Chemist: 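Quick one: structure below, then a few questions.
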Amino acid sequence: MLNRRTFLKTSAASLPLAAAIQTLNPATVSAETIADAAIGGAAPKLIPLPARLAPVDPSILSWQQNIRRVGQSNMTEHDPAVMNIEQWADYWHSAGADIVFISVTGILAFYPSKVQFHRHGKFLNGRDFFGECVVAARKRGMRVVARMSPDLNWGDALEAHPEWAMRDGNGSVLFSGEDPRLFRTCMFTRYMDDYVPAIMREINSLYDVDCFYTNGWPPIGSLPNCHCAVCSKLPPPNTAAYWRTFNDRVVELWHKYDGIAKEKKSDSFYFANLGGNVRCGPNLDRLGKTAVWFQADNQGRTSDDPAVWGCSLQGRVCSAIMDGKFAANVSAAYSTGTVRWRNASKNPAEARMWLNETQASGMALYYHFIGSEAGFGEDRRWQKLGSDYFQWAKKHDAHLKPRRSLANIGVIMGQSTQLLYPAPAGAQAHDYMRETTHGIYATLLNGRFAFDFVHEDRLDLERISKYRALLLPNIAMLSDRQCQQIRDYVRSGGSIMASFETGLYDENLQRREEFAIADLLGISKAGDVIETNGNAYYGRIERSHPILDGFSNTNWLPGAQNRVPVKSVPDPVLTVVPGFVQYPPELAYPPASHTDEPAVVLREVASSRLAYFPGDIERTFWLTGHGDLLRLLQNTIRWITQDEAVVNVDGDGFLEFFAWETTPGYAIHLLNYTNPNAYHGWLSTVYPLGPQTVSMTLPSGVKVRAVDLLRSDRTIPFRLEGAVLRFTIPRVDDYEIAAVTVG
Ligand SMILES: [Zn+2]
């Protein structure tokens with residue numbers, strides 16, 4: 001673990017973590033540790049927080065903006081035979097849920113639907129299960145989401161409407177992979193225009209619901225690949241032109257359904273299932289302008305996306321595009337993952353961390369279980385955890401609802417690159433950008449930087465001028481307009497760090513001959529991507545520079561797996577030592593020990609600092625965990641930001657933090673990831689962290705009244721040195737929030 005100013009040395013790191021932290025007091029640290037601490041440099045320069053936002057009149061907020069807790073017992077076909085509606089409603093009400101999801105569906109009707117092909121569940125027996133649940137929820141003062149699922153339907157519908165089905169390249173109907181009685185419906189067909197609206201109108205005519213939701217559509221993390229009669233006339237799948245057509249259709253249907261929702265009540269609305277974080281299917285900028293509820297279906301870790309921060313990452317995406325509108329993350333209490341159990345509870349520590357991340361990253365809490373066998377579940381272990389958590393959060397709503405992020409670094413999320421970029425030939429395109437994202441994310445967490453995501457279509461100066469630096473981790477696809485916005489940002493004093501193929505494709509995935517921001521970065525392409533041949537390339541140290549702080553006793557550093565060769569620059573800091581075979585070892589030596597090809601290009605223009613790595617350094621860090629790459633990236637981020645910070649959190653351990661301005665003051669959220677299961681599997685035990693000291697410079701005229709720790713439920717002392725506020729959180733179990741009340 002690389003910390004900002006201290007390393008856990010081998011001797012300490014071999015101890016249990018809590019014991020290791022105990023050893024890091026001045027009396028016991030080794031001389032070597034002190035040397036490393038010196039290399040780490042001084043504390044960052046604290047930049048004053050911006051003037052506080054004007055108060056908001058709560059009466060102007062829409063009802064959903066006041067929702068803080070969402071409950072869902074996802075209903076199965078069997079539930080009408082087994083679920084105890086009173087127990088169900090009592091649980092969510094006593095937990096403090098503001099709203100519950102109740103299934104209408106579209107695959108199976110949970111009420112006596114008269115819509116053709118809306119098949120009644122086989123345990124419904126003419127009963128109005130949906131209606132009974134709505135009454136039970138309403139009686140307890142809970143709002144109701146009518147949940148539909150338009151993605152699958154049955155053979156009788158297919159026989160009558162063969163044109164509703166998705167088809168493969170041979171024209172064959174696509175069926176559910178798990179239950180082939182169900183065919184997959186195509187979003188471009190009349191199914192979505194006729195069948196779904198008919199159900200919505202039937203529900204509106206029979207019941208009092210607050211809003212409508214569709215599960216199963218639009219697709220998460222990928223784009224459809226359909227060859228039905230309608231889709232055959234569309235641009236080819238997985239092209240930029242197809243993505244635009246797909247987005248147009250999503251927005252068209254969204255508005256159509258929203259209009260139908262409002263036919264009965266003007267404050268009703270429609271929302272769809274979303275998620276996939278930076279790899280969301282529909283364009284996130286357009287969604288942000290369309291949706292009033294972002295449903296992040298991001299329920300837990302999977303074996304191919306195993307990092308503990310998966311939920312927080314989603315929260316940062318929602319913050320980037322929702323502009324303060326409602327977002328909730330669906331936290332599964334059931335056993336998510338590549339192998340799953342829909343009706344069994346997951347590890348409590350893991351379920352709790354997902355709720356922690358939801359809360360910390362600014363989303364509303366949403367707790368979810370599937371099926372209510374034996375009344376209200378054969379496995380009920382999830383229930384107390386959820387109600388305890390909701391009840392705790394309810395006491396602190398004012399502090400837990402964010403108003404604005406205080407981060408000073410923006411990470412551009414290239415959604416089109418995430419979805420369409422082909423990646424070097426030796427890599428799986430689907431995984432490549434995810435690995436890149438996790439690489440920069442882990443770098444920023446390890447360095448305790450305060451950062452936001454910024455969508456590629458939201459690079460207007462007004463929005464991004466708050467950031468001291470923008471990071472472009474292989475944002476391969478950039479339009480001319482986006483490049484001009486980045487130039488304008490740099491001209492206004494901003495800094496950037498970019499890597500690999502950034503700007504080598506336009507928004508249509510057309511390859512450019514030269515980097516689109518070559519002028520800005522001071523680079524020129526010298527050839528095509530060079531992939532690794534066993535032993536990746538090195539960067540030879542040519543001269544000292546702040547980005548090399550902490551490196552000694554070596555002439556070279558690891559480079560990256562792949563690189564774009566660029567032309568030589570004057571006075572380089574690192575030059576490329578080309579890669580070679582790693583086997584046999586007899587041949588594992590460089591063909592040339594010295595070249596003039598830069599391995600990093602650095603520029604300073606007025607107060608802007610610009611750094612470009614020709615290699616895919618963030619992804620290579622994620623694949624290897626190499627500490628040199630981590631240090632190089634963190635040093636570079638500090639150099640381009642001139643080591644400025646808005647909030648500094650100093651202490652030992654691996655954590656993620658969020659810093660928010662809130663209505664009462666500020667909230668600093670610390671998520672403790674110092675855990676053997678941070679990168680794989682589920683948390684099973686918490687390893688508490690020792691003291692964490694928070695520093696921030698208050699805007700002029702702002703007085704602090706109190707600093708409260710919301711998880712450990714105590715008030716702590718604070719110090720003011722001029723405008724600098726400092727306080728120490730003595731211990732962090734899995735999660736802590738320091739709530740600063742001002743005024
Ligand atoms: Zn189709």
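All of these numbers come straight from a predicted model, not from anything done at the bench. For ligands, and for the atoms within them, numbers begin at 1 and follow the listed sequence.
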Chemist: To the nearest 0.5 Å, how far apart are OH in Y207 and NZ in K264?
Modeler: 10.5 Å
Chemist: Quick one: salt bridge (charged side-chain N to carboxylate O under 4.0 Å, His left out) partners of R434, sequence neighbours excluded?
Modeler: D431
Chemist: Side chains of residues 158-166: which donor-acceptor partners sit under 3.5 Å, not counting sequence neighbours?
Modeler:
unit_1, atom_1, unit_2, atom_2, d
H161, ND1, E163, OE2, 2.8

Chemist: Just the protein N/O/S atoms under 2.8 Å from the Zn ion (ligand 1), please, no waters.
Modeler: C186 SG, C226 SG, C228 SG, C231 SG
Chemist: Check the angle between the aromatic planes of F110 and F129 and answer parallel, tilted or perpendicular using the 30° and 60° thresholds.
Modeler: tilted
Chemist: Between the side chain of N153 and the main-chain N/O of A157, is any donor-acceptor distance below 3.5 Å?
Modeler: no
Chemist: Pairs in or reaching into residues 236-245: which pass side chain to side chain donor-acceptor pair (under 3.5 Å), with residues at least two apart or in two chains?
Modeler: R244-N508
